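These notes concern the structure reproduced below.
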Amino acid sequence: MSKSEAESVDFVRQIITQDVANKKNGGAVVTRFPPEPNGYLHIGHAKSICLNFGIAEDFGGECHLRLDDTNPEKEEVEYVESIKADVRWLGFDWGENQFFASDYFEQIYEWAVKLIQDGKAYVCDQTTEEVREYRGGWNKEGKNSPYRDRSVSENLDLFQRMRDGEFKDGEKSLRAKIDMNSPNMNLRDPAMYRIRHQHHHRTGDKWCIYPTYDWTHGQSDSIENITHSICTLEFENHRPLYDWYIAALGIHHPQQIEFARLNLTHTVMSKRKLLELVEGDYVSGWDDPRMPTISGLRRRGYPAAAIREFCAHIGVTKFNGMTDLALLELYVRNNLNKTANRAMAILDPLKVVIENYSENKSEMRKAVNNPEDESAGIREMPFSRELYIEREDFMEAPPKKFFRLAPGREVRLKNGFFLKCNDVIKDDDGNITELRCTYDPETAGGKAPDGRKPSGTIHWVSAKHAIDAEVRVYNVLFEKEKADDVPEGVDWKETINPSSLVVMNNAKLEPALADAESGACFQFERLGYFCVDNRDSKPEKLVFNRTVSLRDNKKKK
RNA sequence: UACCCGAUGGUGUAAUGGUAGCACUUCGGUUUUUGGUACCGUCAGUCUAGGUUCGAAUCCUAGUCGGGUAACCA
């Protein structure tokens, strides 16, 4: 990290630094990460997690994990569990501070009663359609609900009966009495409670009225003594309401601060759209390695540290931009380059027969596990008469900038010998099936005694020692940078990249990979970073996922 | 059409009234048993117009452009 990057501080931390200096909240810093358990967490949530937990760390405060479960319609325990697992995997710890908004339902109910008593809330009988109509619009003034002036006692009675289940869904609601002509729509008598005869994943059937987000969030923050309630930009217009409720209640007043959510090229990020991809079988599940979900990235092989570094790098602002996916990949490569052991793997095999190497012979060649990390040691790879090389490492009629194998040309087999191609064997259709080559036993050290230089260095595996594997090569899910920016009438899902997954069924791996553990990451030399799939890989049938390719400078120079 | 927010190289950001800096990208080069890594160099920016000031990316006004907002979703 550069000096200026280390010293620069985002605007949220600047606000908090000020507050701490001014002894606001006694100098305490308490943040929270408050997802709704209605889906899996994605890379955008990672930005928020890193911000909230990171601030708690920086200021010696705490960060709570709060599940914002006020709408039983879309929420499930499966999501709660996945959220907890993903936050932990990212490397953060909420300690004892795990909460649910539903923990506060009783308190929030009592506060609603208080607002009714203070004449600041009323039970409304309007339908959603009527509410919408009476609310007016940006240039249309609102009209008061005919139920707005009910007496306190009538409101109290009705609200109690709402809770007791006397009314059907949607028949009544509790609304805050604010201002039906506010230029801010959120202040035109917003709903506080709606009737939903629905089972809740935690409170069961105890409640048939549920508080809305606006009427829950600030109060939950207040109960938990949150000092800084950090959320995304689309809640800016809700802040006056957040402040109104807290002021009306006269309780601890956390400060809401909004920042820009993360937008990544070539991907969609809304939970609704991710759900559509899962439910429509466009992907194999929430943890499909093409998904921007934390579980998908994990399965893809992205290290948690790389995600954290990426989040630190992109910073926090109020500017709604679009971050290039390539930047995320950069951090993944940087991390893996230092940590992943190298291995040889052939995705698309082409057989090579070394005519001057005896049939029954084989020998072990030494290979460095990680040139970036001496402590990773060395391993041995078998070498024999028949090898596999990557089909694209041979060209019968190579262009000028092709440095690999070609008829009459000599290349170096990495960790092996110099290899020269003498003959090309083809089948009846003209497809190349085999290369007849010779090797130079004098080049065992990778250098020729006569000082000649090969045109390039390629990877290989010994055919009779190789193990078979399936390798899944992933590409972007959407070829367009702005994934869901489609013309009118076009379904955004139609732009899914048909080659987002390419399965290589006939991959050949060096034998050392046989006991690679689930999730283990390797650099397949010259190809990219690959990890053992944590779901489908079995000892008898290994499955690898391509995490990310190596940077490719072929086009240049 | 109302309100809120924003705008710094291609991208992400820093500079908080005092030299526009950093990273990625681009392009070029060095090293290299990975066309990887590392290293060196290089191109490139304050939305516009006024104003305040000795001095403005920063403050003010207006405009332009972009985003958000009219669920009993969060």
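Predicted model, so just to flag it, every value in this text is computed and none were measured. Here is how names work: the chains are called A, B, and so on, in the same order as the sequence lines, proteins then strands, and each is numbered from 1.
- Straight-line distance between the C1' atoms of A56(B) and U19(B): roughly 14 Å, to the nearest whole Å.
- With no hydrogens or angles considered, a side-chain donor-acceptor pair links Asn38(A) and Lys271(A) at under 3.5 Å.
- For Phe524(A) and Phe544(A), the gap between ring centers is short of 6.0 Å.
- Distance CZ (Arg175(A)) to C1' (A70(B)): 13 Å, rounded to an integer number of Å.
- Remark: Thr265(A) OG1 to Asp324(A) CG distance equals 4.0 Å, nearest 0.5 Å.
- Rounded to an integer number of Å, the gap from CH2 of Trp138(A) to P of C3(B) is 13 Å.
- Comparing G35(B), U69(B), G12(B) by their closest approach to the side chain of Asn237(A) singles out U69(B).
- Per the geometry, NZ belonging to Lys414(A) stands 13 Å off P belonging to U37(B), to the nearest Å.
- Taking the six-membered ring for Trp and the full ring otherwise, His64(A) and Phe33(A) have centroids separated by 6.0 Å or more.
- For G67(B) and U34(B), the C1' atoms lie 44 Å apart once the distance is rounded to whole Å.
- Under the 6.0 Å distance and 45° angle rule, Arg365(A) counts as a cation-pi partner of Phe417(A).
- A71(B) adopts a syn glycosidic conformation, its chi angle falling within 90° of 0.
- Rounding to whole angstrom units, CG of residue Asp324(A) and P of U13(B) are separated by 13 Å.
- Rounding to whole angstrom units, CZ of residue Phe310(A) and C1' of G12(B) are separated by 9 Å.
- Close to U33(B), at under 4.0 Å from its OP1 or OP2, lies a side-chain N or O of Lys447(A).
- In terms of modelled atom types and a separation under 3.5 Å, the side chain of Arg412(A) and the main chain of Ile458(A) share no donor-acceptor contact.
- Exactly one residue among Trp207(A), Tyr210(A), Trp111(A), Phe159(A) makes a ring-ring contact (aromatic ring centres under 6.0 Å, His included) with Tyr193(A). That residue is Phe159(A).
- Taking the six-membered ring for Trp and thresholds of 30 and 60 degrees, His217(A) and Tyr213(A) have ring planes inclined between 30 and 60 degrees apart.
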Dot-bracket for RNA chain B, 5' to 3', with Watson-Crick and G-U pairs under 3.5 Å, [ ] for crossing pairs and | for other-strand pairs: what is it? .((((((..((((....[..))))..((((.......)))).....(((((..]....))))))))))).....

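- Residues Met185(A) and Thr323(A) both approach RNA chain B. Their nearest nucleotides, taken by heavy-atom distance, put Thr323(A) toward the 5′ side.
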Can you name the atoms? Protein N/O to nucleotides 71-74 of chain B N/O, anything below 3.5 Å, with the distance.
unit_1: A71(B); atom_1: OP2; unit_2: Arg135(A); atom_2: NH2; d: 2.9
unit_1: C72(B); atom_1: OP2; unit_2: Arg135(A); atom_2: NH1; d: 3.4
unit_1: C72(B); atom_1: O2'; unit_2: Arg196(A); atom_2: NH2; d: 3.1
unit_1: C72(B); atom_1: N4; unit_2: Gln126(A); atom_2: O; d: 2.5
unit_1: C72(B); atom_1: N4; unit_2: Gly170(A); atom_2: O; d: 3.3
unit_1: C73(B); atom_1: OP1; unit_2: Arg196(A); atom_2: NH2; d: 2.6
unit_1: C73(B); atom_1: OP2; unit_2: Arg194(A); atom_2: NE; d: 2.8
unit_1: C73(B); atom_1: OP2; unit_2: Arg194(A); atom_2: NH2; d: 2.8
unit_1: C73(B); atom_1: OP2; unit_2: Arg196(A); atom_2: NH2; d: 3.2
unit_1: C73(B); atom_1: O3'; unit_2: Arg194(A); atom_2: NH2; d: 3.0
unit_1: C73(B); atom_1: O2'; unit_2: Asn71(A); atom_2: ND2; d: 2.9
unit_1: C73(B); atom_1: O2'; unit_2: Lys74(A); atom_2: NZ; d: 3.3
unit_1: A74(B); atom_1: OP1; unit_2: Thr70(A); atom_2: OG1; d: 2.6
unit_1: A74(B); atom_1: OP1; unit_2: Arg194(A); atom_2: NH1; d: 3.3
unit_1: A74(B); atom_1: OP1; unit_2: Arg194(A); atom_2: NH2; d: 2.8
unit_1: A74(B); atom_1: OP2; unit_2: Tyr213(A); atom_2: N; d: 2.7
unit_1: A74(B); atom_1: O3'; unit_2: Asp68(A); atom_2: OD2; d: 3.1
unit_1: A74(B); atom_1: N6; unit_2: His238(A); atom_2: NE2; d: 3.1

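- Between Arg551(A) and U25(B) there is a side-chain polar atom (N or O) within less than 4.0 angstrom of OP1 or OP2.
- Centroid-to-centroid, the aromatic rings of His266(A) and Phe478(A) stay 6.0 Å apart or farther.
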Check nucleotides 56-66 of chain B against the protein and report each pair of N or O atoms closer than 3.5 Å, with its distance, or say if there are none.
none

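- Aromatic pair Tyr388(A)/Trp460(A): ring centres not closer than 6.0 Å.
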